[in-house]
*Asks:* 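Quick one: structure below, then a few questions.
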There are 2 protein chains.
Amino acid sequence: MTIHLTRAQDTASNPCTHDYQVNCGNCRLNSICLPLALESDDIQQLDDIIQRSKPLQKHQHLYRESDDFQSVYAVRSGTIKAYKTTDDGQEQVTGFYFPGEILGMDGISNNAHASSAKALETAAVCEIPFASLEKLSTLMPNLQRHFFKLLSREITEDQQLITLLSKNSADERVAALMLSISGRNARRKLSATQFRLPMSRVDIGNYLGLTVETVSRVFSRMQKMDVLRVDNKEIEILNPQGLQDMANLGS
Amino acid sequence: MTIHLTRAQDTASNPCTHDYQVNCGNCRLNSICLPLALESDDIQQLDDIIQRSKPLQKHQHLYRESDDFQSVYAVRSGTIKAYKTTDDGQEQVTGFYFPGEILGMDGISNNAHASSAKALETAAVCEIPFASLEKLSTLMPNLQRHFFKLLSREITEDQQLITLLSKNSADERVAALMLSISGRNARRKLSATQFRLPMSRVDIGNYLGLTVETVSRVFSRMQKMDVLRVDNKEIEILNPQGLQDMANLGS
DNA sequence: CGGTTAGTTGAAGGTCTTCAACATAGGTGG
DNA sequence: CCACCTATGTTGAAGACCTTCAACTAACCG
């Protein structure tokens, strides 16, 4: 049985109940998710292997560490948190995934997921069975290339986080994260200056290698400096250049 | 003109001058580098695209950040350091690559190398032109799968470093690096307890997000605790279990 | 052999953490 | 719908760990 889903949208708050099929060709995230030079016929083939049957409730897991690796996932709506649990039970957040972004690729190397993924809010994902993707990739060099690039991109992003953790102060780390989220919102044609953080302070601290208290203090400081307006999870960037300076990432 | 090279070996200190061709089939690193279920015919095809014409002097660059991406590289002998330079001129070491390991994959995503790579000592590498590799991968599903896995592996390793930087103390970080090097030596049938560090204290600190002074102090402390014997770059692990405990990575 | 680079050690200082108390938000049942 | 309860977030004070600065020693290289 095929479940017909609503059109992909950033928030699940306004679910469209019209019963028509989403596909990669008409998905408005495809410029983020699949910036491919694929023939429309190719897109159809890709579309055929993708499963859209996974709406997730808040806090629900998409997969867990050491689960069998079967698929990678593209976020259609909501936000997914990826994290590892260290052997002494601590959590390390390895990434936040917004609509259009792809997660789960760290599971390829060992045929088992290297991290867990859970929804921070109601979320919908496209499941891409990896075996099918591999087969299709041998037939479509563009697709193969795209996935090589996606994997490589994940590496460069991890390296940026490594640099951030290794070299930057608490202020700089938080500023960098805010800029990252802002940029990713802009890419989805959402406001770059006003947004709601889907993750908790704990998650932010965990991702940035800081304690909750430090994150909270940084937000207070930024607010005092009129760089940010912070109202619980609602963020407004009042001074983008100031935030950029604060991040001190050069570029 | 084809340059005939000596057999791959871990240290370049004892160069064999016999003039015979190395190939993937007879390379003693192939179990690390290509643990593939490839037919010997396939290995020949792979072998044909690989170029072995790159002996590097100490401090010589293999590639630099933002160079055009053409190839990935397998280390045959010596050690390569990968690093990024932040916009304010600081260096962030992103990895050390030992014989049998593959680097340069972070360049795929943007067709430009995302980091620089330089030899820490005399080194030899196998250059694998990526365009050829892609073409061959469409024909050899096993090879495609292998490279997906290699990329994925790099991601999981970066995530481990992220966790290390985010959660672990200076002692734990240095201990973890020593264990990592020890394990990689063992994989190459070298001593797991005695080795010479190819990198400087600065590089270690840079990789682990610590200052040189801290690294030095950690080594002194470990020596005082009879966990390690440190004589400049010569390391002897006196108490492997103690080192493991010190790393506090669980597992 | 001299000069430079790399590594070690000590003392002081800074940034983030820890511990603790309090405030606010969010969800549930009366 | 409000009261309550728990989870989440904020703020302060003390302390820990790592850094910074400085001096010195040891290794390396021409």
*Asks:* Between C:dC16, D:dA22, C:dA20, which one does the side chain of B:E213 approach most closely?
*Replies:*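 My answer, after comparing the listed nucleotides, is D:dA22.
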
*Asks:* I'd like to know whether A:I181 forms a side-chain contact (heavy atoms from CB on, under 4.5 Å) with A:F96, so could you lay out the CA-CA distance, the side-chain angles of the two residues, the decisive distance to 0.1 Å, and finally the verdict.
*Replies:* CA-CA 9 Å; A:I181 294 175; A:F96 300 110; 5.9 Å; no

*Asks:* Output yes when A:E234 and A:R196 qualify as a salt bridge under the 4.0 Å nitrogen-oxygen rule, no when they do not.
*Replies:*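 The answer is yes: the pair qualifies as a salt bridge.
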
*Asks:* Any non-hydrogen side-chain atom of A:R173 less than 4.5 Å from a side-chain atom of A:S169?
*Replies:*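 Side chain of A:R173 against side chain of A:S169, heavy atoms only: no contact under 4.5 Å found.
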
*Asks:* Quick one: is B:S216 getting a side-chain N or O under 4.0 Å of the C:dG7 phosphate, OP1 or OP2?
*Replies:*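 For B:S216, the contact criterion (side-chain N or O under 4.0 Å from OP1 or OP2 of C:dG7) is not met.
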
*Asks:* From C-beta outward on A:V202, which listed nucleotide comes closest to its side chain: C:dG7, D:dG9, D:dT10?
*Replies:*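 Per side-chain heavy atoms of A:V202, the pick is D:dG9.
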
*Asks:* Salt bridge or not between A:E91 and A:K81? Use side-chain N to carboxylate O under 4.0 Å.
*Replies:*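 Judged by the 4.0 Å cut-off on N to carboxylate O distance, A:E91 and A:K81 do form a salt bridge.
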
*Asks:* Just how far, in rounded Å, is C1' of D:dA16 from CD of B:E172?
*Replies:*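 From B:E172 CD to D:dA16 C1': 14 Å.
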
*Asks:* Using heavy atoms to find the nearest nucleotide of DNA chain C for A:V215 and A:D231 separately, return the residue whose nucleotide is more 5′.
*Replies:*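 The residue mapped nearer the 5' terminus is A:V215.
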
*Asks:* From the set D:dC28, D:dT10, C:dT8, return the single nucleotide nearest to any side-chain atom of B:R196.
*Replies:*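 Output: D:dC28.
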
*Asks:* Applying a 4.0 Å non-hydrogen cut-off, can you work out what B:G209 is touching in the nucleic acid: base, sugar-phosphate, or nothing?
*Replies:*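 The residue B:G209 makes sugar-phosphate contact but no base contact.
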
*Asks:* Would you name the heavy atoms of B:S71 and B:E127 that are closest together and state the gap between them?
*Replies:*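 Closest approach of B:S71 to B:E127: OG-OE2, 2.7 Å.
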
*Asks:* Below the 4.0 Å mark, does C:dT15 have OP1 or OP2 next to a side-chain nitrogen or oxygen of A:T214?
*Replies:*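 Negative; the distance criterion is not met.
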
*Asks:* For D:dC17 and B:S169 - does any side-chain N or O of the residue sit under 4.0 Å from the phosphate oxygens OP1/OP2?
*Replies:*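 The answer is no; no side-chain N or O of B:S169 sits under 4.0 Å from OP1 or OP2.
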
*Asks:* For the pair made of NZ in A:K224 and C1' in D:dT10, what is the distance, rounded to whole Å?
*Replies:*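 Computing the A:K224:NZ to D:dT10:C1' distance gives 11 Å.
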
*Asks:* Within less than 4.0 Å of OP1 or OP2 of C:dT8, is there a side-chain N or O belonging to B:R217?
*Replies:*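 Negative; the distance criterion is not met.
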
*Asks:* Pick one: which of A:N206, A:D88, A:T86 meets side-chain hydrogen bond (donor to acceptor under 3.5 Å, both in side chains) with B:K167?
*Replies:*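 In the set A:N206, A:D88, A:T86, the residue that makes a side-chain hydrogen bond (donor to acceptor under 3.5 Å, both in side chains) with B:K167 is A:N206.
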
*Asks:* Any side-chain N or O of B:T211 below 4.0 angstrom from OP1/OP2 of D:dC18?
*Replies:*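 Checking D:dC18 against B:T211, no side-chain N or O comes under 4.0 Å of OP1 or OP2.
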
*Asks:* What I want to find out is whether B:R153 reaches B:E101 closely enough, with some N-O distance under 4.0 Å, to be called a salt bridge.
*Replies:*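 Judged by the 4.0 Å cut-off on N to carboxylate O distance, B:R153 and B:E101 do not form a salt bridge.
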
*Asks:* Taking atom C1' of C:dA6 as reference, at what distance in whole Å does atom NZ of B:K58 sit?
*Replies:*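 Distance check: B:K58 NZ to C:dA6 C1' gives 11 Å.
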
*Asks:* Estimate the overall bend of the helix from C:dC1-D:dG30 to C:dG30-D:dC1 from the end axes over five pairs each, rounded to 10 degrees.
*Replies:*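 One end's axis against the other's: 50°.
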
